[in-house]
Amino acid sequence: MKILTCPLNGPRNIAEFTYGGQVKPMPNPSEATDQEWAHYVFYGDNHIGVVREWWMHTPSSYWFIVERHNQTDEVIRTYDPAELFDVGASPAAEPTGADS
Amino acid sequence: MPFSLLKFGLNKDYPFEQIADLPGPTDLKSHYDVVIIGGGGHGVATAYYLAKYHGITNIAVLEKAYLGGGNTARNTAVIRSNYLTSAGVRFYTESVKLYERLSNEFDFNIMYSQRGQLTLAHTDATVRAFRQRAEVNKHFGGRTELIDRQAVGDLVPSLNLDPAGLPILAGLWHLDGATARHDAVAWGYAKGATQRGVELHQLTEVTRVDIEAGRVTGVQTNRGKVSCGCVVQAVSGLSADVSKMAGFPLPIVAYPLQAMVTQPVKPFLDPHVSSSALHCYVHQTSRGEIVIGGGSDPYPLYGTRSTLELKEGLIASAVEMFPFMSEMRLMRQWAGITDMTSDYSPIMGLSPVENYYLDAGWGTWGFKATPICGVTMAELVASGGKVPDLITPFSLDRFDAFRQVNEMGATAASH
Ligand SMILES: Cc1cc2nc3c(=O)[nH]c(=O)nc-3n(C[C@H](O)[C@H](O)[C@H](O)COP(=O)(O)OP(=O)(O)OC[C@H]3O[C@@H](n4cnc5c(N)ncnc54)[C@H](O)[C@@H]3O)c2cc1C
């Protein structure tokens with residue numbers, strides 16, 4: 001059993017979580033070209049290394065951020081999204097310091 | 001054959017020992033017309049058809065581990081053409097036709113066994129999708145029909161018709177569904193290619209791709225540098241990481257796919273049986289083992305580890321379908337890294353680098369396409385980049401244009 005540490009609920013079985021995709025900076029939908037938008041939808045950081053991802057603790061519907069090595073499956077850090085996002089800002093806001 | 005067998009019987013020496021199937025290792029030459037990265041089925045098939053149909057033999061297939069040891073060795077060997085889109089069905093139907101005569105072509109038995117594939121519908125929506133798939137398949141020359149619940153029971157008497165509270169409403173019966181010995185496919189192509197002069201270099205990893213003015217000029221390996229006229233990339237699970245060396249990204253995410261086999265039992269199951277609602281498929285090999293496979297892991301990973309959760313889920317579904325299997329023991333289990341695209345179709349053809357050709361995005365469904373990939377990739381290379389009709393829908397730029405070839409419903413758990 002693999003354990004993932006939820007910032008809200010503590011260490012839990014990974015089966016309790018749902019993977020939600022990579023954290024990617026979203027271009028402004030009303031200004032982005034079709035190609036920029038397609039790139040945002042279909043491409044991501046898919047090389048071997050540490051990736052930043054959205055995960056949800058399913059029973060409590062709590063979304064948070066995981067930094068994980070995508071080859072060793074080692075979880076480096078988990079934290080609340082407030083660390084990356086300006087809570088209360090418009091949804092188009094880019095995460096601060098995110099490398100795409 | 002009977003005569004040579006008689007000669008063999010009368011001979012004191014073992015007459016075949018000296019004739020190795022593959023030539024021994026040699027040094028790398030400084031230049032090849034074509035470098036193929038990846039010695040899986042797709043890579044060696046491309047080399048084979050380049051040599052056989054196009055007279056191009058100054059080819060190096062560079063394989064970082066050993067021949068056919070990647071996903072070619074790990075798949076569950078389902079071969080079929082009953083996909084959803086006309087682009088997909090047209091392509092996979094051609095592959096099935098090539099498979100049907102491959103043992104003859106190689107003079108080497110790939111144990112091609114056409115026992116049919118039965119996919120189960122547990123909802124009205126799936127029945128509607130099956131109707132469409134049956135018609136598209138027929139149109140392109142495949143043999144597929146929709147059968148009702150009773151016919152499903154007649155076809156597979158050992159199947160539980162009400163598994164996991166999901167009564168079976170109908171089935172998609174694909175008579176062309178088949179399996180083959182996956183290793184033999186790689187060996188047959190490699191043997192045929194090397195006999196025609198192609199070099200297969202195992203334990204040779206490409207570590208850098210040299211690009212000058214938008215063209216590939218050579219590759220660096222752990223055994224030295226070679227220059228080349230062009231490159232074909234056919235590395236399945238590592239597609240996105242290898243294309244990075246050539247300087248461009250791919251819309252691919254690597255997910256593990258797990259499978260397993262039970263101990264062998266007497267023959268009881270003729271066709272391949274698959275249910276995407278249960279995320280599980282089952283067939284019996286010619287050795288009697290039951291192969292169990294299903295959906296991908298729940299999150300991406302460049303790894304081949306297995307997980308108890310996924311194995312348990314697969315077994316639970318398999319036992320729902322065939323309750324007596326609860327008494328059986330597992331014998332082997334494994335995983336492979338699959339290069340998943342978001343529309344469940346491959347990425348084939350040109351890349352942003354002029355003479356660097358792509359055979360990628362084969363995800364969980366590329367074994368069945370091995371022969372036709374070889375044929376079309378060889379055509380692409382030999383023509384200097386003229387994309388064959390059959391693979392134009394699978395171009396990399398379809399993503400930018402939102403021209404997906406959506407096979408999601410036709411693959412999910414059924415490969
Ligand atoms: C568990 C499982 C079940 C599957 N079931 C089915 C099925 O039932 N039906 C079906 O059609 N498909 C199935 N598939 C998918 C199928 O196995 C693959 O799509 C197909 O085998 C891909 O073939 P390939 O030759 O492109 O890749 P591979 O056989 O993986 O060959 C790629 C090779 O590239 C080499 N390589 C990688 N990087 C480098 C480098 N830098 N330098 C040199 N060499 C390199 C690797 O070592 C590898 O040998 C399944 C896959 C898995 C994992």
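So that the names make sense, note that chain A is the first sequence line, chain B the second, and so on, each numbered from 1. Everything numeric here is computed off the predicted structure, so don't read it as measured data.
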Checklist entry - Does Phe402(B) CZ have over 12 foreign heavy atoms under 6.0 Å away? => result yes
Item to check | Residue part contacting chain A, namely of Pro249(B), when any heavy atom lies under 4.5 Å | outcome: both
Next on the checklist: As a quick check of understanding, evaluate side chain to side chain contact (heavy atoms under 4.5 Å, CB included) for Thr307(B) and Lys2(A), giving each step before the final call.
Outcome noted: CA-CA 9 Å; Thr307(B) 60; Lys2(A) 189 173 172 65; over 6 Å; no
Item to check | Under 4.5 Å from any heavy atom of chain A - which part of Phe399(B) | outcome: both
Checklist outcome for this item: Ranked by heavy-atom pairs below 4.5 Å to chain A, first place among Ser342(B), Ser243(B), Pro300(B), Pro298(B) goes to Pro300(B)
Checklist entry - Given the options His47(A), Gln71(A), Gln22(A), which has more heavy-atom pairs under 4.5 Å with chain B than any of the others? => result His47(A)
Checklist entry - Just by modelled atom types, is the Leu250(B) backbone N or O under 3.5 Å from a matching donor or acceptor in the Asn46(A) side chain? => result yes
Item to check | Close contacts, residues 56-69 of chain A versus chain B, judged by heavy atoms under 4.5 Å | outcome: Arg68(A), His69(A)
Item to check | Portion of Gln404(B) that has a non-hydrogen atom of chain A nearer than 4.5 angstrom | outcome: side chain
Checklist entry - For Asp297(B) and Tyr19(A), what are the C-alpha separation, side-chain angles and deciding distance, and is it a side chain to side chain donor-acceptor pair (under 3.5 Å)? => result CA-CA 10 Å; Asp297(B) 268 30; Tyr19(A) 170 73; over 6 Å; no
Checklist entry - In Å, rounded to the nearest 0.5 Å, how long is the span from CD1 of Ile48(A) to NZ of Lys244(B)? => result 8.5 Å
Item to check | Region of Leu301(B) in contact with chain A, defined by heavy-atom distances below 4.5 Å | outcome: both
Checklist entry - Side chains of Tyr299(B) and Phe17(A): does their closest heavy-atom pair fall under 4.5 Å? => result no
Checklist entry - Should Glu309(B) and Asn13(A) count as side-chain neighbours, where that means a heavy-atom distance under 4.5 Å? => result yes
Checklist outcome for this item: Bottom line for Leu238(B): the part with an atom under 4.5 Å from chain A's heavy atoms is side chain
Checklist outcome for this item: Whatever's closer than 4.5 Å to a heavy atom in chain A on Ala254(B) counts as neither
Return all side-chain donor-acceptor pairs below 3.5 angstrom for residues 31-42 of chain A, not counting sequence neighbours, or 'none' if the list is empty.
{"from": "Thr33(A)", "atom 1": "OG1", "to": "Glu36(A)", "atom 2": "N", "distance (Å)": "3.0"}
{"from": "Gln35(A)", "atom 1": "NE2", "to": "Asp400(B)", "atom 2": "OD2", "distance (Å)": "3.1"}
{"from": "Glu36(A)", "atom 1": "OE1", "to": "Thr33(A)", "atom 2": "N", "distance (Å)": "3.1"}

